[in-house]
Protein chains: 2
Amino acid sequence: MQECLSASEQEYLKTVLLVQQKTGHVTIQALAARMEIKPASVSAMIRRLAQDEDAQGAYVMHTPYQGVTLTRRGEKVAMELLRHQRLLELFLATTLDMSWEQVHDEAEHLAPFISEDLEERIAARLGHPARDQHGDPIPSREGIVDLTDDMPLSALEVGMQAKVVRVPDEDPALLRYLATLGLIPGAWITVEARTPYGDILTVRMGEATHPLAGEVARGVSISAMSRRSAQASLEEQERKHEKFLT
Amino acid sequence: MQECLSASEQEYLKTVLLVQQKTGHVTIQALAARMEIKPASVSAMIRRLAQDEDAQGAYVMHTPYQGVTLTRRGEKVAMELLRHQRLLELFLATTLDMSWEQVHDEAEHLAPFISEDLEERIAARLGHPARDQHGDPIPSREGIVDLTDDMPLSALEVGMQAKVVRVPDEDPALLRYLATLGLIPGAWITVEARTPYGDILTVRMGEATHPLAGEVARGVSISAMSRRSAQASLEEQERKHEKFLT
DNA sequence: TTATAGTATTAGGTGAGCCTAACTTAGAGT
DNA sequence: ACTCTAAGTTAGGCTCACCTAATACTATAA
Ligand SMILES: [Mn+2]
Ligand SMILES: [Mn+2]
Ligand SMILES: [Mn+2]
Ligand SMILES: [Mn+2]
């Protein structure tokens, strides 16, 4: 039952998962680009991960010239690594005050090497968190993550309000920019307008409004549960106020 | 100036340092035994580390069939790795309450992979400690460690008293045993007797006395500065008492 | 002094994980 | 249907870090 893959193999499986989540289709090229490895090498590794040597099942399905899909077994490995990575991110950020972007690289380096016990102790110390500091969900020890409640900010209609639950953590500069806007997990955001051309969303956070590129808006997640019209939101406030008066 | 050796190469250099400190002479065999790697492989690696490819100097000196010595350059790498390892040991032990023996393995695994920045943050968080929890000295960032004040417990004469500063951390069972005796860093110890045959020291810690194998006594370090006759110790107590009365 | 045991080295081989260069395939445009 | 391009694969080669087996050296005991 104990998976014993190399750091490199785990890295590949993780990337398959992330590319799948981001684009819906995993090509050799996409993996190569993301990992900064030549397609020939990726091809070879995927072939290996698609083989079922130990009769325990393969890690990926691969139809040559088509695409790559994770099997449940491969997905578990990927989730496991993501769990390590995100627990480490949060731990380094909270316990050692490392900056967001630094944390990302350090956690990525260390993730394949921490023991299950250290993982568990970090998780316990952090109170078994469900998300890291950018809102990236932390998979359970069983390799499960529930994202049914997440949707992209870009899917919000004009006039709707919702709570930000996740920002993209890949680009440090973007992360810093979003932070200056106050666009961080936990913030409430209202979509004020959407341009017909150029794919720009105007969003309100508190008093300030900001234009947001569609590309960026698609990378930010909001909680579907928190979604409501700005009108409804005002009425809610009203109700609270009344309650307060009585 | 930035050394960029593989985890494996660093591991070899560290082991050369430790074997040197322990036995005074570093053979291929000793390295092989300690690292659980075949002598042929060790031989090859030492040859590489003894070469001066980049004209920056070699990491070790090697006289075939004789022995291996660290150059200052190699020593720095080894010290650097030991610093990582011992800072991690202390950090994991204090921050995450991991047990002594677990900490050792985890720290050894992670040491080659933490960044200089993480090292520095851990050091700062711990208050730039000089020793880890077993009393192993933590080298400075410059790769320097001052051991002039340390001497083996076995060198203590009968009737002498001294403070324990280090216990061997390689064998978890031994570590636990020493802990049950109260033989831990910071403890005061008096040598009561020494058998003429069998190499056994009888030592007193507080009220209790215990026989200690010479092998074990050679592995425990005391502070040379704290060394004094038990008589002197009694007099000191006497003085303190008098001072207290006035 | 020479035989021998123990230690070290060399020669040759393996798998992981990358590379480049050459070839194959799929899909889109003419 | 044919052609061209982009994507994917295969072939062959490299380094690293290990291995085994064969050989060479050293030091000690006869
Ligand atoms: Mn884990
Ligand atoms: Mn993150
Ligand atoms: Mn360092
Ligand atoms: Mn230690």
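A note on names: the letters A, B, ... follow the listed sequences, proteins ahead of strands, and every chain is numbered from 1.
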Residues touching DNA chain D, which here means a heavy atom under 4.0 Å, drawn from residues 8-17 of chain B: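 Listed by number, they are B:S8, B:Y12.
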
Residues touching DNA chain D, which here means a heavy atom under 4.0 Å, drawn from residues 35-46 of chain B: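 The answer is B:I37, B:K38, B:A40, B:S41, B:M45.
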
Using a cut-off of less than 4.0 Å, is there contact between a side-chain N or O of [X] and OP1 or OP2 of [N]?
| X | N | answer |
| --- | --- | --- |
| B:H62 | C:dA8 | no |
| B:T27 | C:dT7 | no |
| B:Q29 | C:dG6 | no |

Parallel, tilted or perpendicular, as decided by the 30° and 60° cut-offs, for the rings of A:H134 and A:W100: perpendicular

[X] with [Y]: basic N within carboxylate O range, under 4.0 Å:
| X | Y | answer |
| --- | --- | --- |
| A:R131 | A:E89 | no |
| B:R218 | B:D199 | yes |
| B:E9 | B:R48 | yes |
| A:D150 | A:R166 | no |
| B:K14 | B:E108 | yes |

Pair A:E3, A:Y59: side-chain N/O donor-acceptor within cut-off below 3.5 Å: yes

Leading and trailing nucleotides of DNA chain D with any atom under 4.0 Å from heavy atoms of chain A: D:dA7 to D:dT10

Under 3.5 Å donor-acceptor, B:E106 side chain and B:V103 backbone: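 Here the side-chain-to-backbone pair does not exist.
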
Along DNA chain C (nearest heavy atom to each residue), the more 5'-positioned of A:A7 and A:Y65: A:A7

More than 12 heavy atoms from other groups under 6.0 Å of CD on B:E116: yes

The single option from A:E119, A:E120, A:H128 passing side-chain hydrogen bond (donor to acceptor under 3.5 Å, both in side chains) against A:R141: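 Answer to the side-chain hydrogen bond (donor to acceptor under 3.5 Å, both in side chains) test with A:R141 among A:E119, A:E120, A:H128: A:E120.
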
Integer-rounded Å distance: C:dT24 P and A:R47 CZ: 16 Å

Intermediate values then yes/no, side chain to side chain donor-acceptor pair (under 3.5 Å), B:Q51 and B:H62: CA-CA 9 Å; B:Q51 264 180 314; B:H62 181 214; over 6 Å; no

